Amino acid sequence: MNEASSYQRLREHLTYLKLDTAAENLSPELDRATKEKLSATQVLERLLELEVEATQARRQRGRLRWARYPVHKTLADFDFDFQPNLDRKVVAELSTLRFVEDHRNVILLGPPGVGKTHLAIALGVAATEAGYRTYFTSASDLAQTLQAAHLEGLAQLKLRTYTQPSLLVIDELGYLPLDQASANWIFQVVSRRYDRGSVILTSNRGFSDWGQVFADQVVAGAIVDRLLHDATVLNIRGHSYRMRAHQEPTTRKGGPAVIR
Ligand code: ADP
Ligand code: MG
């Protein structure tokens, strides 16, 4: 077989095997190999490396889409100077994602606008980019979705959405009061994840208010108990970032932000 038909067959093989990036780069990489006198091993290695990189990027995009973050946030665009009481060392520790590896939880507490959701998404996105499966939901969406699935006899199936990811972000606990069924679904998810997978939870209510949030002191206690086991709690007692234009820098204040 001559060189031209070998090349043609090779391209077809790559396309048949869905190694599209390698197929697209075949011609330029072979030209480069001739110019730079590369060995067959080097050409193959380079071509497959391009394919691997493309596959990794595609999977990462797939995981991010699946995780359903409402917006994209990163730790790099979080202004720590605006929240002087937030211990950036603790956040830096969390950004190593060891808490995901160790199945530990992160609880972000504080009034509206202090960046709880921002930090939760940023950590979640970082974990997703590092290869972990993650999922974002609000507390009320989680409860409503599971209750709806339950009425169709599909609760066990739907629970997997919340139990299988390595990291589950539960946002906005406490903004809306939860009924008993909702409280039960949150308990189901939290207790099934206990010691098996991480939860990042954000709430504008302190633990002492959770009895009211869940309309049930006992369930609230059981949820707090499981969540707090080996958790990092960041209590952000600063000002709302949304309102920053309306405030004098000198009036910014707040208490200590970290309990570990
Ligand atoms: P919370 O969840 O605590 O109510 P958010 O995380 O939704 O607050 O923050 C409100 C808005 O302000 C978001 O757009 C967020 O990205 C931004 N924001 C909050 N804190 C900071 C900060 N320290 N640096 C940069 N952006 C911030
Ligand atoms: Mg929020």
Side-chain angles (χ1 to χ4, degrees), residues 64 67-97 99-100 105-129 134-145 162 165 167-178 182-183 186 189-190 198-210 212-214 223-224 227-228 231-260:
L64 272 175
R68 302 220 209 167
Y69 291 102
V71 283
H72 191 92
K73 298 282 177 188
T74 65
L75 288 176
D77 37 69
F78 192 82
D79 177 6
F80 284 91
D81 291 336
F82 186 79
Q83 288 309 345
N85 298 293
L86 177 64
D87 190 337
R88 46 180 105 194
K89 281 201 292 295
V90 176
V91 179
E93 206 310 289
L94 293 173
S95 73
T96 66
L97 304 174
F99 77 98
V100 184
N105 299 330
V106 178
I107 321 273
L108 295 158
L109 302 177
V114 294
K116 301 181 300 295
T117 301
H118 184 132
L119 289 171
I121 293 176
L123 289 169
V125 166
T128 317
E129 287 174 348
T134 73
Y135 195 78
F136 179 97
T137 179
S138 71
S140 56
D141 267 2
L142 177 152
Q144 275 169 25
T145 302
Y162 304 104
L167 170 64
L168 177 68
V169 180
I170 305 177
D171 196 31
E172 297 201 339
L173 181 81
Y175 279 93
L176 300 171
L178 299 166
S182 299
I186 291 177
V189 169
V190 167
S198 298
V199 173
I200 300 180
L201 183 135
T202 82
S203 180
N204 62 335
R205 311 283 292 269
F207 296 122
S208 54
D209 292 345
W210 284 24
Q212 281 167 293
V213 173
F214 289 105
I223 292 171
V224 171
L227 275 178
L228 273 188
T232 299
V233 180
L234 288 167
N235 200 347
I236 311 174
R237 283 184 222 156
H239 289 282
S240 169
Y241 193 80
R242 292 193 192 93
M243 310 288 273
R244 67 195 179 287
H246 307 287
Q247 121 202 7
E248 293 296 319
T250 48
T251 64
R252 289 179 194 164
K253 58 173 191 278
V258 178
I259 318 159
R260 180 60 240 253

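As the structure is a prediction and not an experimental result, all values here were calculated from the model. Both counts, for ligands and for their atoms, begin at 1 and track the order of listing.
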query: How many angstroms lie between atom CD1 of Ile223 and atom CD1 of Ile170, to the nearest 0.5 angstrom?
result: 9.0 Å
task: Check whether any N or O atom of Val114, backbone or side chain, sits under 3.5 Å from an N or O atom of ligand 1, and answer yes or no.
output: yes
- request: Would you check if the Mg ion (ligand 2) lies under 2.8 Å from any N, O or S atom of Thr117?
  value: yes
query: Quick one: are Val91 and Phe78 in side-chain contact, heavy atoms under 4.5 Å?
result: no
task: Mark yes or no for whether Asp77, through its side chain, and Thr74, through its backbone, hold a donor-acceptor pair below 3.5 Å.
output: yes
- prompt: Is the backbone N or O of Val106 less than 3.5 Å from a side-chain atom of Thr232, with the two atoms forming a donor-acceptor pair by type?
  reply: no
field: Protein heavy-atom partner closest to atom 2 (O) of ligand 1 - residue, atom, separation in Å
entry: Thr117 OG1, 2.7 Å
- prompt: Can you find an N or O of Pro112 that's nearer than 3.5 Å to an N or O of ligand 1?
  reply: no
field: Heavy-atom pair with the smallest gap, counting every atom of Phe207 and Leu228
entry: CZ-CD2, 3.6 Å
query: Are Ser140 and Tyr175 close enough that a side-chain donor and a side-chain acceptor fall under 3.5 Å?
result: no
query: Under a 4.0 Å heavy-atom limit, does Glu172 contact ligand 1 with its side chain, its backbone, both, or neither?
result: neither
- prompt: Is the closest N or O pair between Gly115 and ligand 1 shorter than 3.5 Å?
  reply: yes
field: Pairwise distance CG(Asp209) to OG(Ser203) - rounded to 0.5 angstrom
entry: 8.0 Å
Smallest separation among heavy atoms of Leu227 and Asn105, with atom names: O-ND2, 3.0 Å
- line: Asp77 heavy atoms within 4.0 Å reach ligand 1 at atoms 24 (N), 25 (C)
query: In terms of residue, atom name and distance, what is the protein heavy atom nearest to atom 14 (O) of ligand 1?
result: Lys73 NZ, 3.3 Å
field: Sub-4.0 Å heavy-atom approach of Thr202 to ligand 1
entry: no
query: Of Asp171, Val169, Leu168, which meets side-chain contact (heavy atoms from CB on, under 4.5 Å) against Thr137?
result: Leu168
- prompt: Closest non-hydrogen protein atom to atom 6 (O) of ligand 1, residue and atom name please, with distance?
  reply: His118 N, 2.8 Å
message: How far is atom 19 (C) of ligand 1 from the closest protein heavy atom, and which atom is that?
response: Tyr241 CB, 3.2 Å
- line: Nearest non-hydrogen protein atom to atom 7 (O) of ligand 1, with distance, is Arg242 NH2, 3.4 Å
task: For atom 4 (O) of ligand 1, find the nearest protein heavy atom and state the residue, atom name and distance (0.1 Å precision).
output: Gly113 N, 2.7 Å
- prompt: Taking distance alone, with no angle check, do Lys116 and ligand 1 share an N/O pair under 3.5 Å?
  reply: yes
task: Examine distances only and state if a side-chain atom of Lys116 and a backbone atom of Asn204 form a donor-acceptor pair shorter than 3.5 Å.
output: no
message: Students should be able to answer this: which protein heavy-atom is nearest to atom 23 (N) of ligand 1, and at what distance?
response: Asp79 O, 3.0 Å
